[in-house]
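Following: one structure in structure tokens, then a few remarks.
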Amino acid sequence: MSDAAANAAQIENWNLRTGEIWVRFQPRLDAQISPLGEQAMTALAPAAGERVLDIGCGCGQTSVNLATRVAPGGAVLGVDVSEPMLGLARSRPRPAGAAPLDFRRADAQVEDLGAGAFDAVFSRFGVMFFADPSAAFANIRAALRPGGRLSFVCWRAMALNPMMTAPLEAARALLPPLPPADPLAPGPFAFADAARVRGILGAAGFTDIVISPFDADLVGGTLEEAVELSLFVGPLATVLRDNPQLREPVTNAVRETWRARLKDGVVVIPAAVWIVTATNA
Ligand SMILES: C[S@@+](CC[C@H](N)C(=O)[O-])C[C@H]1O[C@@H](n2cnc3c(N)ncnc32)[C@H](O)[C@@H]1O
């Protein structure tokens, strides 16, 4: 497979359906997952003057946050394969005093990101989509100076994350039989197995690998907001895209499952992630 074709299916997906959905729901998705990104950013501890690379930066919230943390004197580059998401990232207001921030369309698995050009690499859920993760992390490591740091957040097992499972389970009786998922295929849960992640980072040449569980209660918005998001983002959304006639009955089932998690007017959803740090020794 040529370098250009390595991640063709994911690149198409993030430029069409999924990318457009992330742009449409960007404020809500940012609000929901930002506590998880913040935890990985705290672990990275970006300092003033540092150059930071944000992998799979998407619509750019974390890149902007990094740019405020490395000011004065630092710089941030966000890379992503999704043109619609990068478009939104480029249009975001930059806080006064933030360090220079640039965005570039690039497949982080194969494209030259700048040899030793960065002090630190960050990602919020942007590193689980590579066809060849070891090659991708070797390429990412090449962009770090000696001693440079890596920190990212990725999902633990799908079964631990009701944000994905609860809508699917609620609707199960209404859905056609679903094919079993390949746990190693590129996708949100490709890094659920910590031993696999450790192996990938080790094979790519990283050292000081630390993989820590982190749990948080996420705010899924009002009941209707949580229902809407479930119909457009996640595994149930994928099924509904192919079976649009099921949308109405499924909506009612999903509403009941989220109603059970209402607290003070918002849906509260537990999340389980890994915070992963490593060094380019
Ligand atoms: C789940 S989204 C996360 C986006 C963003 N980091 C956030 O937290 O809002 C995953 C992102 O990874 C990007 N991505 C997938 N494969 C990639 C690749 N090979 N190189 C760079 N970015 C990639 C997608 O386009 C998408 O923006």
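Numbering of ligands and ligand atoms starts at 1, following listing order. The analysis underlying the following values was restricted to heavy atoms, covering all of them including side chains, and did not include hydrogens, waters or symmetry mates.
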(request) Can you sort out which atoms of ligand 1 are near Asp107, meaning under 4.0 Å from one of its heavy atoms? (result) 18 (C), 19 (N), 20 (N)

(request) Say whether Gln109, considering both its backbone and side-chain N or O atoms, lies within less than 3.5 Å of an N or O atom on ligand 1. (result) no

(message) Can you confirm, on distance only, whether ligand 1 has an N/O atom lying under 3.5 Å from any N/O atom belonging to Ala108?
(response) yes

(request) Please determine which of Val52, Leu101, Leu77 meets the side chain to side chain contact (heavy atoms under 4.5 Å, CB included) test together with Leu66. (result) Val52

(message) Using 30° and 60° as the class boundaries, would you call the ring planes of Phe206 and Phe137 parallel, tilted or perpendicular?
(response) perpendicular

(message) So is Cys57 touching ligand 1 or not, going by heavy atoms under 4.0 Å?
(response) yes

(request) Assign the ring pair Trp155 / Phe189 to parallel, tilted or perpendicular, where the plane angle (0 to 90°) is split at 30° and 60°. (result) tilted

(message) Would Thr62 count as being in polar contact with ligand 1, using the rule that some N or O on each side must be under 3.5 angstrom apart?
(response) no

(request) Could you say whether the N/O atoms of Asp80 and ligand 1 ever approach to under 3.5 Å? (result) yes

(request) Would you mind checking which non-hydrogen protein atom is closest to atom 2 (S) of ligand 1, with the distance to 0.1 Å? (result) Trp14 CH2, 3.5 Å

(request) Answer with yes or no whether Ala106 contacts ligand 1, where contact means a heavy atom under 4.0 Å from a ligand atom. (result) yes

(request) Go through the side-chain N and O atoms of Asn15 and Glu83 and say whether any donor and acceptor fall under 3.5 Å apart. (result) no

(request) Please round to the nearest 0.5 Å and tell me the distance separating atom CZ of Phe152 and atom CG of Leu36. (result) 14.0 Å

(request) Could you tell me whether some N/O pair between Ile55 and ligand 1 is separated by less than 3.5 angstrom? (result) no

(request) For atom 23 (C) of ligand 1, find the nearest protein heavy atom and state the residue, atom name and distance (0.1 Å precision). (result) Val81 CG2, 3.7 Å

(message) Take a 6.0 Å sphere around CD of Glu256 and say whether it holds more than 12 heavy atoms from other residues, nucleotides or ligands.
(response) yes

(message) Check contact between Gln10 and ligand 1, using heavy atoms of the residue and a distance below 4.0 angstrom.
(response) no

(request) With heavy atoms of Ile33 as the reference, note each atom of ligand 1 found under 4.0 Å away. (result) 8 (O)

(request) Report the nearest protein non-hydrogen atom to atom 4 (C) of ligand 1: residue, atom name, distance rounded to 0.1 Å. (result) Gly56 O, 3.4 Å

(message) Looking only at protein heavy atoms, which one is nearest to atom 15 (C) of ligand 1, and what is the separation?
(response) Phe129 CB, 3.7 Å

(request) Identify, by atom number and element, the atoms of ligand 1 in contact range of Phe125, meaning under 4.0 Å from any of its heavy atoms. (result) 1 (C), 2 (S), 3 (C), 10 (C)

(message) Counting non-hydrogen protein atoms only, what is the nearest one to atom 9 (O) of ligand 1? Give residue, atom name and distance.
(response) Arg124 NH2, 3.0 Å

(message) Both conditions, 6.0 Å and 45 degrees, for the charged tip of Arg24 above the ring of Phe232: are they met here?
(response) yes

(request) For the pair Asn13 and Thr18, evaluate side-chain hydrogen bond (donor to acceptor under 3.5 Å, both in side chains) and give the outcome as yes or no after the intermediate values. (result) CA-CA 6 Å; Asn13 189 34; Thr18 307; 2.8 Å; yes

(request) May I ask you to check whether Arg124 and Gln61 show a side-chain donor-acceptor distance below 3.5 Å? (result) yes

(message) Return the OG1 to CD1 distance between Thr207 and Ile209, rounded to the nearest 0.5 Å.
(response) 7.0 Å

